[in-house]
There are 2 protein chains.
Amino acid sequence: MLHHERLRPPTDDYTPDEWSLIEKAFHPEFAAQMESLFALGNGYLGMRGVPEEGEPNVQNGTFINGFYEEWPIVYSETAYGFARTGQTMLNVTDSKIIHLFVDDEPFTVLGANLRHYDRRLNLQAGTLDREVHWETPSSKLVRIRSRRLVSFRHRHVAAISYEVTLLNQAAPVVISSEMLRQNPKAHAADDDPRRAKMFSADVLRQRAGYVRDRRVVLAHGTERSRMIVACGIDHDLETECPHNYKATHADGFGQVAFSVAAEPGKPIHLTKYITYHTARIVDPEALCGRVEWTLDRTTGQGFAALLTEQEQYLRSFWQRSDVGVSNIVAERARLTTVEIQQAIRVNLFHIIQASARAEGTGVGAKGLTGQAYEGQYFWDTEVYLLPFLIYTSPRIAKNLLRFRYGMLDHARARARELGHRGALFPWRTINGEEASAYYAAGTAQYHINADIVYGLRKYVNATGDQEFLFECGAEMLVETARLWCSLGFFSPRKAGKFCINAVTGPDEYNTVVNNNTYTNLMARENLRYAANTVAFLKTEKPDILHALIRKTGLEAEEAEMWARAADNMYIPFEAATGIYPQDDGFLDREPWDFQNTPEERYPLLLFYHPLNIYRRQVIKQADVILAMFLLGHEFSLEAKRRNFAFYDPLTTGDSSLSSCIEAIVALEVGEFEKAVTYMRAALLMDLADVGGNVTDGCHIASMGGTWMALVYGFGGLRDYDGMLSFRPHRPPEARASLRFPLTFRGRSLHVEITPEATAYTMREGDELVIRHEDEVVTLTHGEPTAVRPIVRH
Amino acid sequence: MLHHERLRPPTDDYTPDEWSLIEKAFHPEFAAQMESLFALGNGYLGMRGVPEEGEPNVQNGTFINGFYEEWPIVYSETAYGFARTGQTMLNVTDSKIIHLFVDDEPFTVLGANLRHYDRRLNLQAGTLDREVHWETPSSKLVRIRSRRLVSFRHRHVAAISYEVTLLNQAAPVVISSEMLRQNPKAHAADDDPRRAKMFSADVLRQRAGYVRDRRVVLAHGTERSRMIVACGIDHDLETECPHNYKATHADGFGQVAFSVAAEPGKPIHLTKYITYHTARIVDPEALCGRVEWTLDRTTGQGFAALLTEQEQYLRSFWQRSDVGVSNIVAERARLTTVEIQQAIRVNLFHIIQASARAEGTGVGAKGLTGQAYEGQYFWDTEVYLLPFLIYTSPRIAKNLLRFRYGMLDHARARARELGHRGALFPWRTINGEEASAYYAAGTAQYHINADIVYGLRKYVNATGDQEFLFECGAEMLVETARLWCSLGFFSPRKAGKFCINAVTGPDEYNTVVNNNTYTNLMARENLRYAANTVAFLKTEKPDILHALIRKTGLEAEEAEMWARAADNMYIPFEAATGIYPQDDGFLDREPWDFQNTPEERYPLLLFYHPLNIYRRQVIKQADVILAMFLLGHEFSLEAKRRNFAFYDPLTTGDSSLSSCIEAIVALEVGEFEKAVTYMRAALLMDLADVGGNVTDGCHIASMGGTWMALVYGFGGLRDYDGMLSFRPHRPPEARASLRFPLTFRGRSLHVEITPEATAYTMREGDELVIRHEDEVVTLTHGEPTAVRPIVRH
């Protein structure tokens with residue numbers, strides 16, 4: 001049940017378009033939201049969509065994935081084992097600033113008399129483009145065209161093409177290209193726990209800074225995390241007008257100012273090349289050297305080449321990833337097909353922007369579009385993003401899983417600290433250490449372990465990448481399985497079943513509970529996969545098993561114990577009602593008084609004390625419903641119907657992770673109207689600011705969820721056993737269709753669903769056996785295999 | 001079950017004495033513990049037992065009850081309704097310092113060559129006395145006698161009598177009487193959550209300071225709480241030796257130095273008068289004026305008069321309060337009768353020191369002997385201290401209850417903030433606002449409401465002070481009853497019973513649980529008392545009911561609702577085993593692995609993550625066992641036996657609030673050996689540093705608990721229904737006896753229990769009907785009524 005929508009007022013100034021996000025006028029009241037939506041990024045470097053001039057700037061931000069500062073977490077009342085080190089992704093030097101002065105009058109979109117305004121995120125070119133026509137106070141007509149990109153191909157590189165043309169009269173023009181260290185703003189009275197912790201002091205101290213020709217390089221270091229970021233800008237100016245330049249730098253500031261005697265009709269074309277390099281405890285000069293190499297190469301290459309590579313990258317991305325819709329749920333969702341298509345693509349585009357080059361790092365809750373949640377990595381990656389990436393960009397999926405593998409030692413240490421065997425992955429982190437300062441909705445979310453393993457298994461199944469399983473996965477399986485065994489126990493009071501107490505499931509409105517159904521089901525899956533993998537290695541790959549034993553000290557009887565825990569896992573179930581209680585105590589809680597909860601008191605977490613929420617039957621986000629999706633094969637359709645009917649009205653959707661999942665399960669249980677409502681909320685989570693906080697960044701996980709809602713929901717994809725199966729929800733509308741590609745074990749499969757039939761086309765790769773509805777279908781390369789729906793009576 | 005005892009090594013230097021605590025040599029390794037045990041106080045002003053010289057000083061402290069600074073509680077992840085304002089009782093200007101120089105050599109107990117050393121807390125005079133004989137490096141023999149008191153009669157006054165006599169040779173002597181603002185020490189790496197938060201900056205800023213003759217006055221103010229403390233010292237010097245003096249002051253410092261040409265055999269007698277006044281937002285000069293009046297009066301009165309009043313006060317106190325023992329459990333507890341008698345009296349003395357003049361304030365967890373727990377007030381007062389005070393000093397009990405009444409508006413606001421009706425008293429506070437920064441073991445302890453009402457009811461029953469009930473109590477009853485009604489609900493899943501979910505009971509090792517048995521039982525008592533009081537007022541005191549309705553907006557059907565909730569209160573009970581589960585989930589938890597928990601890992605809270613503790617069957621402190629004492633009439637003896645046998649082995653006693661209660665219930669269920677062990681632990685909690693933290697202050701609640709263990713435990717007192725009843729545990733030892741007075745409804749009753757008989761003597765007041773064993777006995781003034789034990793077979 002959705003209780004709130006904060007839809008942006010519809011306005012003609014945001015023209016829907018299938019391949020762009022367009023702004024036809026600058027609305028200061030939406031400036032912060034558009035900063036998030038117009039953000040550019042490549043998974044390594046991100047820049048919020050602040051205008052070139054650097055203003056208006058509500059929450060300007062430039063982020064490097066994994067570049068963070070630590071801070072000691074302070075507890076007024078502390079306890080053993082509380083996370084000690086907070087981590088915050090820093091807002092680094094802003095290098096995209098270009099100030100324009102005509103007749104010494106500065107240009108800003110807010111103050112200026114604009115005759116034309118067009119800003120758009122180009123989803124095919126991967127650029128943020130703007131064209132404005134400015135009439136200056138002295139009646140000069142100035143056309144400003146800019147194009148900004150953060151390169152997917154070269155992850156350290158961004159560039160801006162900036163062209164100024166006087167249209168009617170000559171005038172002196174100054175184009176000042178700048179870089180500026182961002183000072184964190186104090187958010188003193190801010191009690192929203194989801195926002196970023198702000199540092200009061202100058203967290204970035206200058207370690208190097210110099211000018212060379214039209215190039216400025218600045219390096220800054222952090223104190224506690226001991227990291228360095230070096231940033232360089234370089235420039236080309238092309239114009240027929242006479243010009244010169246002056247370059248300067250100061251603490252936290254760099255500037256190359258071009259003075260041009262501009263003549264009408266003669267464009268002044270500035271290209272600004274930007275690069276960022278980061279490292280841990282390295283000589284700042286060495287890092288500046290890397291900056292210079294990148295600038296040398298990039299300026300040599302030129303903007304056009306960067307743009308071509310960007311388009312190529314995205315062409316390939318869209319080929320692998322684009323989901324096409326025609327006439328699907330549009331009318332019911334009060335949207336046009338174009339609006340839906342736009343929303344899908346904006347979402348997918350932001351996912352690739354968040355993840356493409358996340359190499360050696362994770363993907364933050366807001367990607368690189370904002371600093372909320374400290375820029376930390378959560379389960380979002382494995383549960384909400386990986387499915388999309390596994391089926392469209394498996395290389396990226398692998399990088400993200402490898403990153404988790406890289407934090408295994410931290411996870412081992414954390415498990416030991418908490419008195420467990422094995423490894424416990426951090427609920428939230430940047431550097432691998434647990435950074436959750438509120439254990440009830442942090443450390444207690446042990447399900448993170450199973451979520452990661454779930455992602456691992458899906459990855460291995462969908463790619464066939466056994467090597468990764470053997471090299472990294474198996475070790476993660478051993479340690480996570482150990483954790484579950486040491487966490488739970490065989491309870492004599494539950495007929496000897498394996499119980500897991502005092503954990504928090506996905507739903508953060510019911511914390512520190514016993515036998516969270518989601519957790520127990522996912523833990524069982526984790527234990528089984530671990531036991532099966534070890535059994536497989538034993539018979540098939542003894543060498544690899546040997547290596548695994550060396551790495552983990554695995555003992556003979558351990559896998560048996562995992563299997564025993566899995567086989568005896570306690571799953572709460574109430575026979576009388578057919579309800580799977582979310583946890584042992586859930587049904588005993590007092591029902592939340594939804595009737596007397598006004599709309600403006602959502603999300604509840606901002607208006608009610610945790611105890612008030614925890615003691616009641618009210619749910620923040622899909623929990624049992626999520627289990628019914630992720631492990632749908634464990635539930636009969638009837639059980640799904642009954643449990644959806646029970647849980648859906650209790651679920652506030654106060655988390656953006658909920659709607660997409662609800663949409664999928666709603667479709668499955670035949671609640672089509674609800675599915676459409678949830679689909680709409682998921683699709684528009686950011687574009688219409690459904691959660692009311694897109695100012696703080698885009699909801700990357702929800703964006704991944706929209707792909708799942710389309711492909712798992714409408715497309716009816718399931719993949720529990722490693723085999724692709726489809727049970728499409730065929731659109732009833734005339735001329736409707738849903739089209740999407742899937743990468744599966746080296747093959748490229750294209751699926752098109754229409755009211756008449758589902759067509760499977762193998763564009764690349766060998767024969768593949770899939771299931772369609774209850775039928776096994778063998779697909780061969782080339783020719784589409786069309787399967788007509790069975791007409792049911 | 002007790003897992004640890006950190007007994008101080010027995011040493012001849014701490015001679016047991018019935019009326020003193022004696023130190024015959026200064027042991028630096030016990031210096032901090034002795035600072036706590038030798039602390040003086042009167043409930044308003046407290047001074048730790050640091051030597052006059054101010055050193056050695058491990059944790060020097062001077063405290064004014066209710067004088068605190070606020071600080072914003074910082075949460076790295078915050079949530080709605082978390083307590084915002086921390087409060088810490090401040091360590092104020094130390095005014096007791098007297099430096100002594102002979103031949104310009106400073107005297108300190110540590111460096112000096114001592115020929116004699118005797119320091120003792122005199123429990124009859126209420127003084128800390130010291131006599132030392134010092135042989136200086138140049139062979140001067142110096143006798144130093146000092147006597148320090150914090151006046152019970154004049155709560156703003158302390159005084160020191162300080163006498164120096166050269167015994168063998170003449171020498172120049174300087175006696176420098178000083179006052180010094182205490183700068184808080186940084187305790188950076190300290191993770192013990194029980195310790196005080198230290199302020200880093202100079203929390204006390206000087207607001208006034210001047211010298212007048214031999215008088216110095218300093219006033220300091222706090223920044224956030226906007227309080228002022230003014231402190232003055234004045235002096236009399238009596239000696240036949242020539243002398244002069246010099247008085248100076250500086251920021252945070254005052255000094256009056258007497259230079260004496262000391263001659264052998266001629267005592268130099270300095271009397272130092274000290275006064276403290278505190279106020280909120282008052283002109284510092286005005287407060288200094290009050291200091292001067294007090295100093296004028298006190299210097300006029302003289303030390304001898306102060307001492308006489310002090311002795312009178314304590315004579316009366318001991319008459320009303322002393323518990324005499326002969327030969328009781330001594331041998332079994334590996335103690336002598338004198339040691340037991342000493343421990344009892346030290347404990348009772350520290351209670352009166354903590355509470356005597358606590359007027360308009362509460363009693364902190366450590367009284368005024370230390371800064372642990374920020375000096376905040378907890379339920380300790382009502383549950384552990386009030387019984388003693390009600391039966392010995394009802395006036396003080398009333399003051400403490402009146403203080404609770406004074407914070408009713410804060411409690412109303414807090415209830416509203418948490419979405420409840422009525423009032424929710426703060427779990428920990430100084431100024432009435434909730435200061436708990438960890439809700440699971442703080443705000444969730446809703447039982448505080450019922451604890452306060454329990455204390456109120458006991459007070460009204462034992463004193464007959466209906467006026468207080470009508471004036472203040474009834475309003476508290478209405479608001480607390482409302483809180484319970486709005487907190488709980490009639491659960492259809494518990495046969496319509498009234499359930500209270502997501503609360504924490506007394507046991508902080510099981511938090512945020514459903515239907516904590518203690519809480520539900522105590523809430524029922526609270527609801528019943530409220531309903532009965534309103535019913536009584538309706539028929540007997542309509543005017544008072546009217547006033548109550550005006551003050552609270554009480555509606556007609558409310559009291560019915562309270563009665564209904566009480567009558568239908570859900571009390572967890574497992575018929576198969578006869579166990580009252582501590583809460584709904586308690587029996588489902590995994591048993592704690594006591595066998596593999598080494599002794600040095602207690603208290604568990606310092607070595608295990610809360611989740612690890614919460615998910616297991618392990619108990620910090622008496623919870624169901626406490627309910628079986630406080631509401632013993634709700635349990636059959638058989639139920640008590642069974643439940644004690646079940647809970648006792650699970651109870652670590654990691655809280656000092658546990659042993660005394662365990663002792664009482666152990667006695668009742670016939671576990672005599674256990675009772676002796678617990679009695680010993682409670683008695684020696686501070687004297688033998690059982691908890692290992694007496695350095696941080698004395699455990700005032702446990703001290704109150706020892707009185708209960710004697711009077712309720714061995715004396716067998718019960719008072720559930722307002723009638724006194726006794727079921728003494730007669731000492732089996734020959735010539736054993738237990739003697740204690742009780743103040744009851746204006747009467748003074750003396751009870752003496754021997755193996756042969758129990759004798760009740762009404763020393764003051766009219767006829768009184770009591771129960772002895774199962775017999776109703778009518779006592780009349782004067783003659784003892786001896787009741788011989790019934791011999792059972």
Side-chain angles (χ1 to χ4, degrees), chain A residues 71 73-83 86 190-194 197 417-420 435-444 446 487-489 491 493-494 499-503 511-515 584-585 587-591 604-616, chain B residues 71 73-84 86 191-194 197 417-420 435-444 446 487-489 491 493-494 499-503 511-515 584-585 587-591 604-616:
Chain A
W71 40 275
I73 302 178
V74 173
Y75 302 94
S76 292
E77 289 180 51
T78 190
Y80 173 88
F82 277 12
D190 193 339
D191 276 347
D192 188 337
R194 301 166 301 182
K197 172 141 326 276
E417 184 175 20
L418 296 194
H420 303 303
S436 163
Y438 179 57
Y439 71 80
T443 296
Y446 287 84
L487 181 65
F489 72 115
S491 171
R493 292 181 58 93
K494 304 271 194 196
C499 289
I500 303 175
N501 287 348
V503 304
T511 73
V512 193
V513 298
N514 295 342
N515 293 308
D584 278 357
L587 300 179
D588 290 335
R589 290 186 193 118
E590 186 179 4
L604 302 179
L605 64 96
L606 295 186
F607 301 96
Y608 297 90
H609 192 283
L611 284 168
N612 258 5
I613 295 175
Y614 299 169
R615 76 163 54 89
R616 293 197 166 79
Chain B
W71 40 275
I73 302 178
V74 173
Y75 302 93
S76 292
E77 290 180 50
T78 190
Y80 173 89
F82 277 12
R84 280 178 295 269
D191 275 347
D192 188 337
R194 302 165 300 181
K197 174 142 321 278
E417 184 175 20
L418 296 194
H420 302 304
S436 163
Y438 179 56
Y439 71 80
T443 296
Y446 287 85
L487 181 64
F489 72 114
S491 171
R493 293 180 58 94
K494 303 271 194 197
C499 289
I500 303 176
N501 287 347
V503 304
T511 73
V512 193
V513 299
N514 295 342
N515 293 308
D584 278 357
L587 299 180
D588 291 334
R589 289 185 194 119
E590 187 178 4
L604 302 180
L605 64 95
L606 295 186
F607 301 96
Y608 297 90
H609 192 282
L611 284 169
N612 258 5
I613 296 174
Y614 298 170
R615 75 163 56 87
R616 293 197 167 78

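Since this is a predicted model, take the numbers as computed values, not measurements. A, B, ... follow the sequence lines: proteins, then strands. Residue 1 opens every chain.
The shortest heavy-atom contact between B/L611 and A/A502 is CD2-O, 3.7 Å. The two residues A/E590 and B/N501 make their nearest non-hydrogen contact at N-ND2, 4.4 Å. The shortest heavy-atom contact between B/L605 and A/Y80 is O-CB, 3.7 Å. Scanning both residues, B/F489 and A/R589, for their nearest heavy atoms gives CZ-C, 3.8 Å.
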> Taking it one step at a time, do B/S76 and A/W71 satisfy side-chain contact (heavy atoms from CB on, under 4.5 Å)?
Replying inline: CA-CA 10 Å; B/S76 292; A/W71 40 275; 3.3 Å; yes
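Aromatic ring orientation, B/F82 versus A/H609: tilted (interplanar angle from 30° to 60°).
Heavy atoms of B/L587 lying under 4.5 Å from chain A belong to its backbone as well as its side chain. Residue contact with chain B, scored on non-hydrogen atoms closer than 4.5 Å, involves the backbone and the side chain of A/Y438 alike. Heavy atoms closer than 4.5 Å to chain A are found nowhere in B/I613, neither backbone nor side chain. No part of A/A83 comes within reach of chain B, as not one of its non-hydrogen atoms sits under 4.5 angstrom from that chain.
Counting heavy-atom pairs closer than 4.5 Å to chain A, the top-ranked of the candidates B/K494, B/R493, B/R616 is B/R493. Ranked by heavy-atom pairs under 4.5 Å with chain B, the list A/L487, A/D584, A/V503 is led by A/L487. Per-residue counts of heavy-atom pairs under 4.5 Å with chain A were compared for B/S491, B/G81, B/P610, B/G419; the largest is that of B/P610.
Using modelled atom types, no side-chain atom of A/N612 and backbone atom of B/H420 make a donor-acceptor pair closer than 3.5 Å.
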